[in-house]
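Structure first, then comments.
The figures that follow rest on heavy atoms only: side chains count, while hydrogens, waters and symmetry mates do not.
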Amino acid sequence: MTMIDSSCLMENGGGVVGGGGGSCLPCTSEEEKQIVEELNREAERDLKEGNLYFVVSSRWFSKWERYVGQGFVDNLDNGKSLESQDLDVERPGPIDNSDIIEGGSGNEGDELELVRALLEGKDYVLVPKKVWEKLVQWYKGGPALPRKMISQGVFNRKQFNVEVYPLRLKLIDCRDDSESTIRISKKASLQELYERVCSVRRVEREKQACIWDYFNKQKSSQLSISNQTLEELNLQMDQEILLELKEESSHSQSGKDSTGNELAVVTLEPPRSPMSIAGGPVMSNGHSSSYSLDLQPGSALNSSFTDMDNGFGVHSSVRRVEKGGLAGLQNMGNTCFMNSALQCLVHTPQLVEYFLQDYSEEINTQNPLGMHGELANAFGDLLRKLWSSGRTAIAPRVFKGKLALFAPQFSGYNQHDSQELLAFLLDGLHEDLNRVKQKPYIEMKDWSGEPDEEIADECWRNHKARNDSVIVDVCQGQYKSTLVCPICSKVSITFDPFMYLSLPLPSTVTRSMTVTVFYGDGSGLPMPYTISVLKNGNCRDLSQALGTACCLEGGESLLLAEVFDHKIYRLLENPFEPLVSIKDEDRIVAYRFSGKGTGRRKLEIIHRDKSTLEILKGNVGKSFGTPLITYMDDDSPTGADIYLAACKLLSPLKRASSPTMAHSGKENGLLSEANAETSSSCNGHCEPRDQSIGDTELEDTSSQELSFQLFLTDDRYSSCKPIFKDSVISSGNQIKVVFEWTEKEQKLYDSSYLKDLPEVYHKTGYTAKKTRQEAVSLFSCLEAFLTEEPLGPDDMWYCPSCKEHRQATKKLDLWMLPDILVFHLKRFSYSRYLKNKLDTFVDFPIHNLDLSKYVKKKDGHSFTYELFAISNHYGGLGGGHYTAFAKLIDENRWYSFDDSRVSPVNEDDIKTSAAYVLFYQRVRTESKGESGETSQVQAGS
């Protein structure tokens, strides 16, 4: 469709209809959609700092999307039946942003405050200025919540972000101790802040006001007029700044040099606070509500706050103070994820030893993949403060500022993932400390038949030729990856380095699926089976697991199908169909046949109730139950053949009291036995099934009129034609018929076996409770990580032999382990429609983690490890709270680090279901003398 001219709609911003004599008609939903899409594309082509965007409530915007058709198909029940959905979507009312504004309402022109910790996409969307103007023109409403686009990051990490939450500063006026709120962009200069403060407090310029960085209500530095940005000065959300006038300040000249020129920043030695702090109560999103809450005696180590922004430098070593390593980290607004990750790293023995020494010669300022040494310097400076400040909590403002500069994804004040931060820090520290100044070009070899040891050694040498740092020395290992093409069996082997191992919890690797098996020859009752399959598996894996569960005999086959609206929605005949296409709420059935079904004609029988079926009026009627399928081997089946096949399929459903079955105790026995089967096992063997069920009835049927009526229908089930015994059926490779259930058939057959088809994931209170209480071992997680599995459909491998992308199988093996081994437990799962956290308790060893049986390369190193740190996550998605447990090796004692609060913890209490990232240290085994006695020494100790 041609893009309509929207210029006329701009003439009148007051409504849907344009102004000027009615020349413009109201836009249709399709036209609104086209206009917004074009304006969005225009905005994307012109991304630059200063562009204006508007915050719109997702609650209202989703209504508009449904109205114009965007996102609508996703909301359908898998898009299966448009007729079953309500397509009459109403036009939304006026724009309503009240649910995302503090206080719930506001007037235009007021400085409105957004609710804290909103998430883009979930709570709000951002629309360009021109889109907002159109929406207001069409719908009115509001209020308007404009936000500017800013540029964040440096070097090759620059990106544009909309500053949804500008900096909010608490201005304290020392003249009357009054407090005002200043909202200003973090990209604003000190000059802009100075002008804003003078305007708010009505201070004349000639009075030479002084503004102080008053973080933690301590004068740390004077902020004088300059072009430095507030972000560069590490000013934090909700922190205090202090206003003093020249005549009231004892430091009247501190803002000028000897020539009278104004200085940018004057740093003072931060005073030590005698106050004992616990860090304040932590809310569910990890944000500390107070920085000055008194600590109750005995509840935690005394820990006062200090900013400590003055660095120690990297050119000298720092001596640990007594009880070093017991300093907390202040929460600066949802930074508990950062504090947890940092405490684990600063308690890694090898890193402590390295960063307390002079590491300046290893700083790589030329590495284009690094951060010019700034991240390593910021981390080293923070580590030195934590190990030399006793029990004084540190506010890592400088480090947080560097992190936002080099990794804008961690900027702002929303909760983030501690493991993702750890991955960035380890990689960033490696690049900043890489001893290789000029990385050589190394061409990858195409290996063919060489021994694994030879391939692995050369791959590691190539890796070390380009990557050589303390992080590689301590934290990097190597694993073997084997890919096999499912078509040509081409094998590809690579040896790759790793920094940590992301272990799936077993419930994230496999999924339970409930499938109901129907007999395609009418020899038994339907039976549901619950099986476990790989999430990334395919229909062949499902058929194999199901065949084992139902004792499929040699020569038998299964036909998988999905049932929707009591009809066959699709046949799952492609063995490589990925299981991710089957959702938990789907209903899957399998039809059991003798022999293969390839190329054979299928007969599908669907069921309709006589009470709603008005065949004579041409109405289709109401379907119920599960369709039945069998094969028709006749080239030109007649109506009698169809009736005989239907009668055979229905024979297991015969009621025991029906006249036909009353004479045969054998059939009754078979039905009772079938009814008593369970889906849990085959009792060790498979009994041959009796094929004689219903034979007497079938013989009788051929010589008398049938008691039920069948109707031939089409692929859309839109027409019904009666089938007679002498009818000739010519419906191609698939025949679809309707079985009409009258009261007579209901008395003859038990249709309950066709109803209540379970979903793929059959939820019950018992299984849900069992899953929550179930514990898994770290070893089972590791084995799941090392288990061979097919690649996902979005991660296909290009086979060099087939010259096509294939869903290869992948197998990982541990080849070489590092001194510091980090395990990431994959508790969080994300998909387009679902986000989930697993609180499964993982039982992990604290001492003597022996991995020798998992390592392929036996190089004489110890494969025994000791736990020394844990990053914990409590709560759910979109919030929660991070803490850390860390062991002081010298004391052989564990401590809990909860932001600024530090307290001893018993070793027995560190194993919880909140464990998220585990840090282990290799235990070296050393021989003693000729006796062969050995002793264990922790690596790096």
Subject >> Evaluation steps, salt bridge (Lys or Arg N to Asp or Glu O under 4.0 Å), between D843 and K911 >> reply: CA-CA 7 Å; D843 188 7; K911 293 169 71 169; 2.7 Å; yes

Subject >> Stepwise salt bridge (Lys or Arg N to Asp or Glu O under 4.0 Å) test for E431 and K439 >> reply: CA-CA 11 Å; E431 297 294 356; K439 294 188 176 185; 3.4 Å; yes

Original post:
Stepwise, does the ring pair (Phe, Tyr, Trp, His ring centres under 6.0 Å) test hold for H881 with Y874?
Top reply: CA-CA 5 Å; H881 183 57; Y874 299 90; 7.4 Å; no

Original post:
Under the ring pair (Phe, Tyr, Trp, His ring centres under 6.0 Å) criterion, do Y500 and F823 qualify, and how do the steps go?
Top reply: CA-CA 6 Å; Y500 52 87; F823 290 112; over 10 Å; no

**OP:** Go through F495 and W815 one step at a time and tell me if the ring pair (Phe, Tyr, Trp, His ring centres under 6.0 Å) criterion holds.
**Re:** CA-CA 8 Å; F495 288 84; W815 188 260; 5.1 Å; yes

**OP:** Start with the C-alpha gap between D457 and K857, add the side-chain angles, then the distance that decides, and say whether salt bridge (Lys or Arg N to Asp or Glu O under 4.0 Å) holds.
**Re:** CA-CA 11 Å; D457 289 345; K857 181 183 179 181; 3.7 Å; yes

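Looking at N906, its side chain never comes within 3.5 Å of a backbone N or O of D908 through a donor-acceptor pair. Of the possible donor and acceptor atoms, one in the side chain of K811 sits under 3.5 Å from a partner among the backbone N and O of L786. At least one donor-acceptor pair under 3.5 Å links the side chain of D432 to the backbone N or O of G373. In this structure, the side chain of R827 does not engage the main chain of H873 through any donor-acceptor pair within 3.5 Å. In this structure, D899 contributes its side chain and R901 its backbone to no donor-acceptor pair below 3.5 Å.
With contacts defined as side-chain heavy-atom distances shorter than 4.5 Å, the pair W460/M816 qualifies. Residues L422 and V917 are in side-chain contact: their nearest non-hydrogen atoms beyond the backbone lie under 4.5 Å apart. D468 places a side-chain heavy atom less than 4.5 Å from the side chain of D473. The shortest distance between side-chain heavy atoms of I493 and K480 falls below 4.5 Å. With contacts defined as side-chain heavy-atom distances shorter than 4.5 Å, the pair R384/L356 qualifies. Taking 4.5 Å as the limit, some side-chain heavy atom of F379 sits within range of a side-chain heavy atom of L345. You'll find the side chain of L421 stays beyond 4.5 Å of the side chain of L342, heavy atoms only.
Taking a cutoff of 4.0 Å between a charged side-chain nitrogen and a carboxylate oxygen, R511 and D584 qualify as a salt bridge. Salt bridge annotation for K810-E789: absent, with no cationic side-chain nitrogen under 4.0 angstrom from a carboxylate oxygen.
When all heavy atoms are compared, the tightest approach of N367 to H372 is O-CD2, 4.4 Å. Between H847 and E907 the shortest heavy-atom distance is NE2-OE1, 2.9 Å. The shortest heavy-atom contact between A808 and V484 is CB-O, 3.2 Å. Of all the heavy atoms in S871 and C344, the pair that sits closest is N-SG, 3.7 Å. Heavy-atom minimum distance, L867 versus K887: O-CD, 4.2 Å. Pairing each heavy atom of A869 with each of W894, the nearest pair is N-CH2, 3.7 Å.
The aromatic rings of Y854 and F779 sit parallel to each other, their planes meeting at less than 30°, with 60° as the upper class boundary. Between Y916 and Y882, the ring-plane angle classifies as tilted under the 30° and 60° cut-offs.
Side-chain polar atoms of N334 and H416 form no donor-acceptor pair below 3.5 angstrom. A donor atom on one side chain and an acceptor atom on the other are found under 3.5 Å apart for D850 and S852. Of the N and O atoms on the side chains of Q544 and T548, not one donor lies less than 3.5 Å from an acceptor on the other residue.
Crowding of E120 atom CD: a count of heavy atoms from other residues, nucleotides or ligands under 6.0 Å exceeding 12. Around the NZ atom of K122, the shell of radius 6.0 Å holds no more than 12 heavy atoms that belong to other residues, nucleotides or ligands. For K437, the NZ atom is densely surrounded, since the number of other residues' heavy atoms within 6.0 Å is greater than 12.
For the side-chain contact (heavy atoms from CB on, under 4.5 Å) test with L825, the passing option among L501, L838, V842 is V842; the others fail. Applying the ring-ring contact (aromatic ring centres under 6.0 Å, His included) test between H347 and each of F868, F897, F355, F919 identifies F897 as the sole match.
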